[in-house]
Amino acid sequence: MRYLHYIILLCVTTSFLACETGVIIDIPSEANKPVINVLMNKDSVIYARITLSGKLANTNSFPEPKDAIVQLFDNDQLKETLTLRTINYFDYYCSTTKVEAGHTYKVTAAVPGMELAEGTDVIPDSAVIGELKRIEVPINGIDVDNKVILQLHDKAGEKNYYRIRIFGAYGGQTTPNGPFVVTKYGRAAYIKSDDPAYDLFDEGGNEEIFMDDKLFDGRSPRFVFNLESQSQVQYLIVEVSSLTYDSYRYLKTSYLAIRKAENPLTEKVLVFNNIKNGLGVVGGIAMREYVLPN
């Protein structure tokens, strides 16, 4: 009788294993969709980059539709239809009016044969800066340690987001009698610090510092940024950006995706997207630059 139980159990188990159910998962394609990329800077005109997404297996190029109708809405009222311009070999749809802090703007892109794509965000006000200074500590006759001290006056009772970048720069006149101009070097400087208030993504330096005010809401924290470069630089340009939640998430995830792209051991990063019927971002930003001589 005991063996009969084993035989029945074996038959039941075999019948379950013999049943296979095929499940088809419909994964939506992200190819051939409108892509809107625009960061709307306070008190500036906007430059909207409109492209079409593609499959990386087939091509690394992203077509630029020249017949799109791109419109800007200010607090849900049509402000203007943007004009196509070519700048440094790339196409942009440009506004003639400047965006203002506190206003909510929507950018729509109508590409023939596709659904209307759109994205919306508000323009933040500029970050309020207190103390800002540069300290050079000589190492030898050639090299110096560069530090930047920056104080932020954070607004209480609201969620605030920031990005900090520091550039080396040089000065000179555009013509013998022209204005004196301070010009950035190509890339932002690498920054090191152990301050817990902002995100550093690895043990090396980071070109962009992101932070929210969860550790200093309504206060005036004082940050010390240590530049990784030990060379003498004529000027430093400190770029301080106040961000919205959407622009903060987009810029941070974009930066992380670039940093981790070449490392197969790290988890891949999904870049934030706030475009309806498309990809990309419409984000608000208030960016200011401060020049610090040596």
Quick one, [X] and [Y] - any side-chain contact, counting heavy atoms below 4.5 Å?
{"X": "Glu207", "Y": "Tyr190", "result": "yes"}
{"X": "Val107", "Y": "Ile46", "result": "yes"}
{"X": "Ile36", "Y": "Ile50", "result": "yes"}
{"X": "Thr253", "Y": "Leu270", "result": "no"}
{"X": "Cys94", "Y": "Val45", "result": "no"}
{"X": "Leu132", "Y": "Val240", "result": "no"}

Study note, to complete from the structure: Residues at least two apart in sequence or cross-chain that pass side chain to side chain contact (heavy atoms under 4.5 Å, CB included) with Thr81, listed by chain then number, are Ile69, Gln71
Whether [X] and [Y] hold their rings parallel, tilted or perpendicular, with breakpoints at 30° and 60°:
{"X": "Phe216", "Y": "Phe223", "value": "perpendicular"}
{"X": "Tyr47", "Y": "Tyr92", "value": "perpendicular"}
{"X": "Tyr105", "Y": "His103", "value": "parallel"}
{"X": "Phe210", "Y": "Tyr255", "value": "tilted"}

**Study point:** Pair Arg163 + Glu239, salt bridge at N-O below 4.0 Å
**Key:** yes
Taking every non-hydrogen atom, the tightest pair across [X] and [Y]:
{"X": "Ala156", "Y": "Asp217", "result": "CA-OD1, 3.7 Å"}
{"X": "Leu52", "Y": "Pro65", "result": "CG-CD, 4.2 Å"}
{"X": "Ala286", "Y": "Pro124", "result": "CB-O, 3.5 Å"}

Which value, rounded to the nearest 0.5 Å, describes the distance between [X] atom [atom1] and [Y] atom [atom2]?
{"X": "Asn160", "Y": "Leu152", "atom1": "CG", "atom2": "CG", "answer": "9.5 Å"}
{"X": "Asn206", "Y": "Arg259", "atom1": "CG", "atom2": "CZ", "answer": "4.5 Å"}
{"X": "Ile285", "Y": "Asp246", "atom1": "CD1", "atom2": "CG", "answer": "13.0 Å"}

Step through the shown structure and confirm whether more than 12 heavy atoms of other residues, nucleotides or ligands are within 6.0 Å of [atom1] on [X].
{"X": "Glu115", "atom1": "CD", "result": "no"}
{"X": "Ile87", "atom1": "CD1", "result": "yes"}
{"X": "Lys98", "atom1": "NZ", "result": "no"}
{"X": "Lys276", "atom1": "NZ", "result": "no"}
{"X": "Tyr170", "atom1": "OH", "result": "no"}
{"X": "Asn140", "atom1": "CG", "result": "yes"}

Check your understanding: In the single-linkage hydrophobic clustering (I, L, V, M, F, W, Y; side-chain heavy atoms under 4.5 Å), do Ile237 and Ile166 co-cluster?
Key -> no
Point to revise | Co-membership, hydrophobic cluster, residues Tyr290 and Ile191, 4.5 Å side-chain | key: yes
Exercise for review: With sequence neighbours excluded, tell me which residues meet salt bridge (Lys or Arg N to Asp or Glu O under 4.0 Å) with Glu64.
Suggested key: Arg49
Revision key, fill the gap. Residues passing the salt bridge (Lys or Arg N to Asp or Glu O under 4.0 Å) test with Asp91, sequence neighbours excluded, are Lys66
Between [X] (side chain) and [Y] (backbone), is there a donor-acceptor pair under 3.5 Å?
{"X": "Asn274", "Y": "Val282", "result": "yes"}
{"X": "Asp121", "Y": "Gly284", "result": "yes"}
{"X": "Gln151", "Y": "Gly130", "result": "no"}

Exercise for review: Please step through side chain to side chain contact (heavy atoms under 4.5 Å, CB included) for the pair Asn294 and Val233, ending with a clear verdict.
Suggested key: CA-CA 7 Å; Asn294 56 5; Val233 181; over 6 Å; no
